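Basis for what follows: all heavy atoms, side chains included, without hydrogens, waters or symmetry-related copies. Here the structure is a predicted model, which is why all the values come from computation and not from measurement.
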Protein chains: 2
Amino acid sequence: MCEMIYLPKATLERLKMYKKVLESVRKEYISSEEIAQILAINPELVRKDLSYLKTHGKPKMGYLVSELKKELNDLFGVNDFTSMVVVGANFLGKALATYKPFERAGVKVVAILDTDERNVGERVGDLVVREIGALERVVRRFKVEICGLCVSPDVAQETAQKLIELGVKVIWNFTGVRLSVPEDVLVVDEDFSTRVLDMKRYLLSRKK
Amino acid sequence: MCEMIYLPKATLERLKMYKKVLESVRKEYISSEEIAQILAINPELVRKDLSYLKTHGKPKMGYLVSELKKELNDLFGVNDFTSMVVVGANFLGKALATYKPFERAGVKVVAILDTDERNVGERVGDLVVREIGALERVVRRFKVEICGLCVSPDVAQETAQKLIELGVKVIWNFTGVRLSVPEDVLVVDEDFSTRVLDMKRYLLSRKK
DNA sequence: TAGATTGTTAATCGATTAACAATC
DNA sequence: TAGATTGTTAATCGATTAACAATC
């Protein structure tokens, strides 16, 4: 199908930003200068990044927005949908399960599960919380590749293990626990208490 | 009080990781090798990073965990508490409002507010959802410096504006909207649909 | 043609790794 | 003393910026 182009890490990071910028652009063409301005980076950097793609800009015009969008969508495989399951029906889990913008990113939350009997049956958006026993069935049936892991820290590792055995390839880890996983599994850590440290230091720096 | 040491961005990023690692260490000393192994980076890099701090390691011993922890806590100002308000009592807002590990990071959520009358009065952890009109009072009373912004995209910019007028210094932005703010305000963007793009590309790369 | 903008190469900057002396 | 580990300097690597020719 499509051979994977090599992309420097920093470039890949910015391509995601460009993709987002383009989503709210209503013009036919956009220049590197404009993109750069919105993101507060150098236009040269934008051009360098975009030069990794097949899309070419037109001198005096800039880049054809529709073409660029399409190529970025292909690059991230946004057009065919990936199934995601949420494990842990706490507020965070429910937030993921009802997060609208996933739609446009090619991610579909197919189920939300919980170990606690009392939560089972509760309505969450279009879904109903299911018992954890349904995990295998759900993963098989929907070919689930991503899990939003929102369980409590004490069961994080064992839950991850179970998911991996069932063939889940990406664990989006909100538990704050450092997970051990085989090297062909991607763990994406989302750690709010680490994130606030940047804010704390920023506030400190303001006070000199 | 304490002069702010200059720290390379990449180093600062890792110092947060070291801080987290140290939280679950039960030994008196830890070597750069051990830290490096846990984080899958080079021990030389760990030593270089730690050399920016006042703490010195002991040859043959490593670094005194308690001392290192203390210095990192000071560096991030974790010991005096910062007040945070959550605006938007949807699942995400409630998740932030009840997020336990903030405690250890020196952040205290003092209130959760919503514009929707129907949500006002609802219990969320130790808090009760308050009407948006209480914002000014809350910010003044608790000297709020951080806001977790969980409102819908259409009111994101105006809400941010109001917060900034009241003196809030950091906006933790979950709305997906690119906010315009004065340069002395820090916006920390948390965009789940951008985040999943990494996972999408990873999955694509697995399929060759 | 002149002007604007792309795309690429060279120069610079910053971050990581390698090497190794210092030290307990 | 020998061995382990730190801390620092030098070498390498990767990413950004500067410069500028190509092109519409």
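- Scored by the side-chain contact (heavy atoms from CB on, under 4.5 Å) test, A:R141 finds no partners at all (sequence neighbours excluded).
- A salt bridge links A:E136 with A:R140: the closest approach of a Lys/Arg side-chain nitrogen to an acidic carboxylate oxygen falls below 4.0 angstrom.
- Pairs passing the ring-ring contact (aromatic ring centres under 6.0 Å, His included) check and including a residue from residues 8-34 of chain A, sequence neighbours excluded, do not occur.
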Give the dot-bracket line for DNA chain C from 5' end to 3' end: parentheses for intra-strand Watson-Crick or G-U pairs under 3.5 Å, square brackets for crossings, | for inter-strand pairing, dots for unpaired. ..||||||||||||||||||||||
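- For the pair B:Y63 OH and D:dA4 C1', the computed distance is 13 Å after rounding to whole Å.
- The stretch residues 19-31 of chain A has no heavy atom under 4.0 angstrom from DNA chain D at all.
- Applying the side-chain hydrogen bond (donor to acceptor under 3.5 Å, both in side chains) rule to A:R104 yields no partners; only residues at least two apart in sequence or on another chain are considered.
- Residue A:L50 contributes atom CG, which lies 15 Å from atom P of C:dT5 at whole-angstrom precision.
- The pair A:D198-B:K16 meets the salt-bridge criterion, with a side-chain N (NZ, NE, NH1 or NH2) lying under 4.0 Å from an Asp/Glu carboxylate O.
- The OH-P distance, from A:Y52 to C:dT6, rounds to 17 Å in whole Å.
- For A:E145, the side-chain hydrogen bond (donor to acceptor under 3.5 Å, both in side chains) test picks out B:K207, with sequence neighbours left out.
- Every residue two or more places apart in sequence or in another chain that forms a side-chain hydrogen bond (donor to acceptor under 3.5 Å, both in side chains) with B:K20 is listed here: A:D191.
- For residues 79-101 of chain B, the pairs satisfying ring-ring contact (aromatic ring centres under 6.0 Å, His included) are A:F192-B:Y99, B:Y99-B:F102, with sequence neighbours left out.
- B:L68 places its CG atom 13 Å from the C1' atom of D:dT6, with the value rounded to the nearest Å.
- Residues passing the side-chain hydrogen bond (donor to acceptor under 3.5 Å, both in side chains) test with A:D154, sequence neighbours excluded: A:S152.
- Among pairs with a residue in residues 43-58 of chain A, those fulfilling salt bridge (charged side-chain N to carboxylate O under 4.0 Å, His left out) read A:R14-A:D49, at least two apart in sequence or across chains.
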Heavy-atom protein contacts under 4.0 Å, nucleotides 12-24 of chain D, coded B base, S sugar-phosphate only, - none: ---SBS-----BB
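- Within the structure, every side-chain polar atom (N or O) of A:H56 is placed at least 4.0 Å from both OP1 and OP2 of C:dT6.
- Residues passing the side-chain contact (heavy atoms from CB on, under 4.5 Å) test with B:N73, sequence neighbours excluded: B:K19, B:V78, B:N79.
- For the pair A:E33 CD and C:dG7 P, the interatomic distance rounds to 15 Å; values are reported in whole Å.
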